[in-house]
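One structure below.
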Amino acid sequence: MIFRDGLFQGSVIAITGAGTGIGRTTAIALASLGADVSLAGRHIGTLQETACKVEKLGRKALVVPTNIRNPEEVNHFAEATYQHYGKVDVLINNAGGQFIQNSLNLSPNGWKAVVDLNLNGTFYCCQAFGRMMCQQGHGNIINMSAVVFETGSPGMAHSAAARAAVVNLTKTLALELAPSGVRVNCISPGPIASEGFIHELPSSQYDETIQRIPLGRMGTLDEAASVIVFLASEASSFMNGEVVIVDGGTRLRGAMSFLTD
Ligand SMILES: CCCCC/C=C/C(=O)SCCNC(=O)CCNC(=O)[C@H](O)C(C)(C)COP(=O)(O)OP(=O)(O)OC[C@H]1O[C@@H](n2cnc3c(N)ncnc32)[C@H](O)[C@@H]1OP(=O)(O)O
Ligand SMILES: NC(=O)C1=CN([C@@H]2O[C@H](COP(=O)(O)OP(=O)(O)OC[C@H]3O[C@@H](n4cnc5c(N)ncnc54)[C@H](OP(=O)(O)O)[C@@H]3O)[C@@H](O)[C@H]2O)C=CC1
């Protein structure tokens, strides 16, 4: 990490999807820079593994198993975090995902599950933590989109639509919450070599995906996490309602299809 030691000393940071991939890497990076963290996700086992790593760095970690598709569980995540730490400086809405399917074959429930996760879940978290941040008079929310928000993406209609909505939600919240001292930004990654992405990507598409990335490789977990760390830090203090694209230039080549037939 190129950030200075102790950058987040005294900060409390809540992260969703913190048991794996970009969320886990970000939580550990922030803890290594001094932050105490509150970790959410559905699976307690992976969250506890992240918590162990955070505690080995000498920082505190609260584990709150949460399905962000459920607004009551999200409210509990926010309340438990505030009760435990007394404040939250930054919320990172990292949890998300989808499955690849042709639009015409998507079931209503499949569409709903992905929109619920990526858009509604993000909104519930923004609302629950945003209320508390506005009361405390400061805060910083970082949402997760995906580069497909801009290009569209065959095989990802549900996710691309939800990610575009997250960008718009970010802008509206940036305007609504700014007078209360809360800023809201968004990161939009392209292909990042997380286990989740590699697992979801049909193996027959691996080589083609790499070829489509102008930098000739997928981004690393650290390369996604370091942009989130920047947005979480005061180095970005005059950024609000912004979308930071981290895709090695992938979007410049247009929409990427994930369909195999
Ligand atoms: C240019 C680069 C762009 C990169 C863009 C983004 C990349 C990434 O996001 S990388 C992160 C990768 N990680 C994931 O995507 C997580 C893996 N996905 C999932 O865990 C799931 O797909 C889910 C979380 C999105 C939803 O699963 P789940 O909670 O288990 O869903 P339900 O059991 O509630 O089922 C609801 C509904 O959805 C249908 N469904 C679920 N998974 C699939 C599937 N793999 N294929 C087809 N359909 C699926 C399921 O059948 C249900 O529908 P009905 O059967 O009609 O009830
Ligand atoms: N890797 C990439 O190329 C890109 C990734 N992204 C996005 O970045 C984020 C992190 O992805 P990445 O690290 O790659 O992949 P992962 O699959 O490792 O991360 C997804 C995380 O979301 C959590 N999650 C899923 N559903 C829920 C839910 N209902 N409630 C709470 N948590 C949930 C998962 O934990 P659990 O299963 O325990 O709930 C998991 O930790 C995701 O939003 C992803 O869509 C965006 C663009 C590109």
Side-chain angles (χ1 to χ4, degrees), residues 14-27 39-50 63-71 73-74 77 92-102 105-122 124-125 142-156 158-160 162-163 166-167 186-202 205 208-210 212-214 218-225 227-228 244-258:
I15 311 176
T16 64
T20 65
I22 297 170
R24 175 182 57 202
T25 303
T26 303
L39 310 173
R42 290 168 303 176
H43 298 100
I44 190 165
T46 53
L47 294 176
Q48 281 170 339
E49 284 169 25
T50 303
V63 168
V64 189
T66 307
N67 181 345
I68 65 161
R69 284 154 65 180
N70 181 330
E73 290 186 31
V74 169
F77 172 42
I92 301 169
N93 279 316
N94 163 77
Q98 61 284 306
F99 53 88
I100 294 167
Q101 195 160 59
N102 183 312
N105 294 334
L106 273 174
S107 72
N109 204 29
W111 170 272
K112 191 168 172 295
V114 173
V115 174
D116 254 354
L117 170 57
N118 294 291
L119 175 59
N120 299 344
T122 298
Y124 300 145
C125 292
I142 300 156
N143 289 330
M144 178 61 76
S145 183
V147 70
V148 295
F149 90 85
E150 195 178 333
T151 59
S153 179
M156 287 203 186
H158 41 15
S159 184
R163 307 302 184 144
V166 165
V167 168
C186 186
I187 171 174
S188 180
I192 303 292
S194 66
E195 278 175 37
F197 182 62
I198 304 284
H199 182 258
E200 291 305 304
L201 185 67
Q205 291 195 357
E208 193 190 325
T209 300
I210 300 291
R212 287 290 310 276
I213 306 167
M218 290 192 194
T220 65
L221 294 174
D222 282 335
E223 285 172 323
V227 175
I228 300 175
V244 182
I245 297 176
V246 188
D247 72 342
T250 303
R251 76 197 173 286
L252 302 174
R253 292 193 169 153
M256 194 178 262
S257 173
F258 291 94

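Just so you know, these numbers come straight off a predicted model, no measurement behind them. When a ligand or atom number is given, it counts from 1 through the structure's own listing order.
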Item to check | Sub-4.0 Å heavy-atom contact, R69 with ligand 1 | outcome: yes
Checklist entry - Does R163 come within less than 4.0 Å of ligand 1, judged by its heavy atoms? => result yes
Please state which protein non-hydrogen atom is closest to [atom] and give its distance, to 0.1 Å?
atom: atom 3 (C) of ligand 1; answer: V148 CG1, 3.8 Å
atom: atom 57 (O) of ligand 1; answer: N109 ND2, 2.8 Å
atom: atom 48 (N) of ligand 1; answer: F99 CE1, 3.4 Å
atom: atom 9 (O) of ligand 1; answer: Q98 NE2, 2.8 Å
atom: atom 38 (O) of ligand 1; answer: G110 CA, 3.3 Å

Looking at [X] and [Y], what are the two nearest heavy atoms and their distance?
X: V147; Y: G190; result: CG1-CA, 3.6 Å
X: R253; Y: I213; result: NH1-C, 3.8 Å
X: N118; Y: G96; result: OD1-CA, 3.2 Å

Any side-chain heavy atom of [X] sitting closer than 4.5 Å to one from [Y]?
X: T66; Y: T16; answer: no
X: F258; Y: E200; answer: no
X: M156; Y: V114; answer: no

Please report whether [atom] has a protein non-hydrogen atom at a separation of less than 4.0 Å.
atom: atom 7 (C) of ligand 1; result: yes
atom: atom 21 (C) of ligand 1; result: no
atom: atom 34 (O) of ligand 1; result: yes
atom: atom 18 (N) of ligand 1; result: yes

For ligand 1, indicate whether the residue [X] contacts it via side chain, backbone, both or neither (heavy-atom separation under 4.0 Å).
X: R253; answer: neither
X: R212; answer: neither
X: I192; answer: neither
X: L117; answer: side chain
X: M256; answer: side chain

Under 4.0 Å from any heavy atom of [X], which atoms of ligand 1 are there?
X: G97; value: 14 (C), 15 (O), 25 (C)
X: R42; value: 29 (O)
X: V147; value: 1 (C)
X: A113; value: 36 (C)

Checklist entry - Heavy atoms under 4.0 Å from ligand 2: which residues qualify? => result G17, T20, G21, I22, G41, R42, H43, T66, N67, I68, R69, N94, A95, G96, G97, L117, M144, S145, A146, R163, P189, G190, P191, I192, S194, G196, F197
Item to check | Residue pairs fulfilling side chain to side chain donor-acceptor pair (under 3.5 Å) with at least one residue in residues 92-101, sequence neighbours excluded | outcome: N93-N143, Q98-S159, Q98-R163
Checklist outcome for this item: Residues pairing under side chain to side chain donor-acceptor pair (under 3.5 Å) where one sits in residues 186-198, two or more places apart or in two chains, turn out to be none
Item to check | Proximal candidate to atom 10 (S) of ligand 1 [heavy atom criterion; set W111, F197, F258] | outcome: F197
Quick check: [X] and ligand 1, any N/O pair under 3.5 Å apart?
X: S107; result: yes
X: T250; result: no
X: S194; result: no

Item to check | Sequence neighbours excluded, every pair satisfying salt bridge (Lys or Arg N to Asp or Glu O under 4.0 Å) that has a member inside residues 106-115 | outcome: K112-D116
